Number of protein chains: 2
Amino acid sequence: MGPILKLLSLRCVPKEIYSVPQTKQPMKNKNRKNARIRLSRKEREQQIIDGAVRYFAEVGFGGQTRELARRLGISQSLLFRYFPTKDDIVKRVYEEVYLRRWRPEWEILLSDRSRSLSDRLNQFYHEYTNAIFEFEWVRILIFSGIKGVTLYQQYLKLIHDKVLDRICTELRAEQNLPDPKQTPITEREMDLAWNFHGGIFYIGIRKFIYGTEKRENFKAAIKDSIAVFLAGAPSVFKSILKK
Amino acid sequence: MGPILKLLSLRCVPKEIYSVPQTKQPMKNKNRKNARIRLSRKEREQQIIDGAVRYFAEVGFGGQTRELARRLGISQSLLFRYFPTKDDIVKRVYEEVYLRRWRPEWEILLSDRSRSLSDRLNQFYHEYTNAIFEFEWVRILIFSGIKGVTLYQQYLKLIHDKVLDRICTELRAEQNLPDPKQTPITEREMDLAWNFHGGIFYIGIRKFIYGTEKRENFKAAIKDSIAVFLAGAPSVFKSILKK
DNA sequence: TATTATAGTGATCATTTGATCAATAAGAGA
DNA sequence: TCTCTTATTGATCAAATGATCACTATAATA
């Protein structure tokens, strides 16, 4: 471990105990140091994934299977009884961290015209950042490296389809501008939406990568960001659609 | 190479030839296949760094020294005659890609009150994105992984100190709000500036990671983004400073 | 042309690390 | 208590990979 890594762990890595607490049970062979604990396949698999999420979030996907096993308190070979290859573990970590956090009701929320757009955006980004702004999520996204490209692409596609497209549509509606079904969302409008979202995403980066951010709650920052967007975007939207 | 990597190279990696063109020279030993080309230490060192920047940007820092050497058309052992360890090469790649792109005149530009802030921001972000939105820069930042944390921190500090602090100051001045020397920039103001900058940065991410972005020129997107910021930020700034 | 400093190489070492497999033992059911 | 299924392990393999070193060949200089 080089000095860079040491510095990192001092600054960013919460001091948690990753090894699973070993429930002490009466053992037949009391002298054995490595007393085995048998879990069902399902339990063990989940335990491995949970440990892998934490471990890889901490050290990146370059982390070794031996060390992961050590933290789990199991043998390295057991990992390969549950997952054919290390890449399969990595894949499951992605799924666990990303695919399970999106909540379908957000799509309904964003399109609910009985409430003001400002209200909706505030609630959505409040809930959304609560769901994703945590150690594992941001670190794994940033540190996923070359293997994470498809993950990154999936994440961006999700945001595009389920968030930004909706925001553009709702902004049009609020301004009495043409419906996207008649006049499709332009590239420039989508750019603005990306710009807005990217700004909020950056808060997470600063918190977990820059490491100087100590707040737990970003409600104020998000609220301001939404206010700027809603105050500035309409006139730009209008000028875009005039041409 | 797994399917993920194959997909990546199809989508994102420009087809360039990384091996250095071998200038054909009369050789004493014409039969030798591996004719040596002697370069001065300085030339060879630069050649290695140039190749390393391209190679690591393409495959990430997990790339192997043997493959790097192969692309350079030199032996793997020669790398270690110029750099004690692989980490030293990586370190030089960082320096090459990041520390050399900042232009001091940008600091003057941002503070030049003889021009409108909109003008200054447009020129700055136009030049700045021209300097950094290229394959190597974005990919190395994103793929630098756990080892790149300090790099990332340095980059964010540079932006904070030389760009965002100035933008906040200039926005205050344009609105006749108190000078930062008397009333320091608040956290909320800085958040807004980060938000703005992060939005522009995200364009680069989409171009080089998402891979669907084909434009070469982001002038319009940047212009719109600045317009939204300048239209929306002043009122929020004012309300922040009222309290 | 002969000399010499040194750029450059091939072979090889040593470690890391993903993966395999025969052997072991926990724990449920008879 | 015995049996049997299978979760679990230690030993080990094989490939990848950073690093080393004695040797080779180039090109500047005398």
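All values reported here derive from a predicted model rather than from experimental measurement. Naming convention: chains lettered A, B, ... in sequence-line order (proteins, then strands); numbering from 1 in each chain.
Judged by distance alone with a 3.5 Å cut-off, a donor-acceptor contact links the side chain of A:Arg38 to the base of D:dT6. The base of C:dG10 sits with one of its N or O atoms less than 3.5 Å from a complementary donor or acceptor on the side chain of B:Ser77.
Residue A:Phe80 places its side chain closer to C:dA19 than to any other of D:dG10, C:dA19, C:dT9. With D:dT8, C:dG18, C:dA7 as the candidates, the nucleotide lying closest to the side chain of A:Leu78 is D:dT8. For A:Arg66, the listed nucleotide lying nearest its side chain is C:dG18; candidates were D:dG10, D:dA19, C:dG18. For B:Gln76, the side-chain atoms get nearest to D:dA19 when compared with the rest of D:dA19, C:dA19, D:dG10. In this structure, the nucleotide among C:dA19, C:dT9, C:dG18 sitting nearest to the side chain of A:Thr85 is C:dA19.
Counting non-hydrogen atoms under 4.0 angstrom, A:Leu79 reaches nothing in the nucleic acid. Nucleic acid contact for A:Arg44: sugar-phosphate only, since backbone atoms but no base atoms lie under 4.0 Å from a heavy atom of the residue. No engagement by A:Ser40 is indicated, since no non-hydrogen atom pair under 4.0 Å with the nucleic acid exists. Using a 4.0 Å heavy-atom cutoff across all strands shown, B:Tyr82 reaches sugar-phosphate atoms only and no base atom. A:Arg41 comes within 4.0 angstrom of the backbone, heavy atoms only, and of no base.
Note: A:Phe124 and A:Tyr128 have parallel aromatic rings, judged against thresholds of 30 and 60 degrees for the angle between ring planes.
For A:Glu67 and C:dT15, the CD to C1' distance is 17 Å, given to the nearest whole Å. Atom NZ of B:Lys86 and atom P of D:dA16 are 15 Å apart (whole Å). In this structure, B:Leu72 places its CG atom 11 Å from P of C:dT9, rounding to the nearest Å. Rounding to whole angstrom units, CD of residue A:Gln64 and P of C:dA19 are separated by 13 Å. In this structure, the CZ atom of B:Phe83 is 13 Å from the P atom of C:dG8, given to the nearest Å. Put simply, CD1 on B:Ile48 is 11 Å from C1' on C:dA7, counting in whole angstrom units. The separation between A:Ile74 atom CD1 and C:dA25 atom P is 19 Å, rounded to whole Å. The CD atom of A:Glu43 sits 12 Å away from the P atom of C:dG27 (whole-angstrom rounding).
A salt bridge links B:Glu96 to B:Arg100: at least one charged side-chain nitrogen sits closer than 4.0 Å to a carboxylate oxygen. Remark: B:Arg101 does not engage B:Glu136 in a salt bridge, criterion side-chain N to carboxylate O under 4.0 Å. Between A:Glu67 and A:Arg70, at least one side-chain N (NZ, or NE/NH1/NH2) sits under 4.0 Å from a carboxylate O, which counts as a salt bridge.
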Test ring pair (Phe, Tyr, Trp, His ring centres under 6.0 Å) on B:Phe196 and B:Tyr125 and set out the steps. CA-CA 11 Å; B:Phe196 164 63; B:Tyr125 275 105; 5.3 Å; yes
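Comparing A:Arg81 and A:Gly62 by the nucleotide of DNA chain C whose heavy atom lies nearest to each, the residue mapping closer to the 5' end is A:Gly62.
Applying the side-chain hydrogen bond (donor to acceptor under 3.5 Å, both in side chains) criterion to B:Glu95, with sequence neighbours excluded, gives no partner residue. Applying the side-chain contact (heavy atoms from CB on, under 4.5 Å) test to A:Tyr98 and every residue at least two apart in sequence or in another chain returns A:Trp137, A:Ile140, A:Leu141, A:Leu151.
In this structure, B:Thr65 reaches the D:dG18 phosphate: one of its side-chain N or O atoms is under 4.0 Å from OP1 or OP2.
Overall, the helix from C:dT1-D:dA30 to C:dA30-D:dT1 carries an axis bend of 0° between its ends, with five pairs at each end and the value rounded to 10°.
Using modelled atom types, one finds no donor on one side chain facing an acceptor on the other under 3.5 Å when comparing A:Gln47 with A:Glu43.
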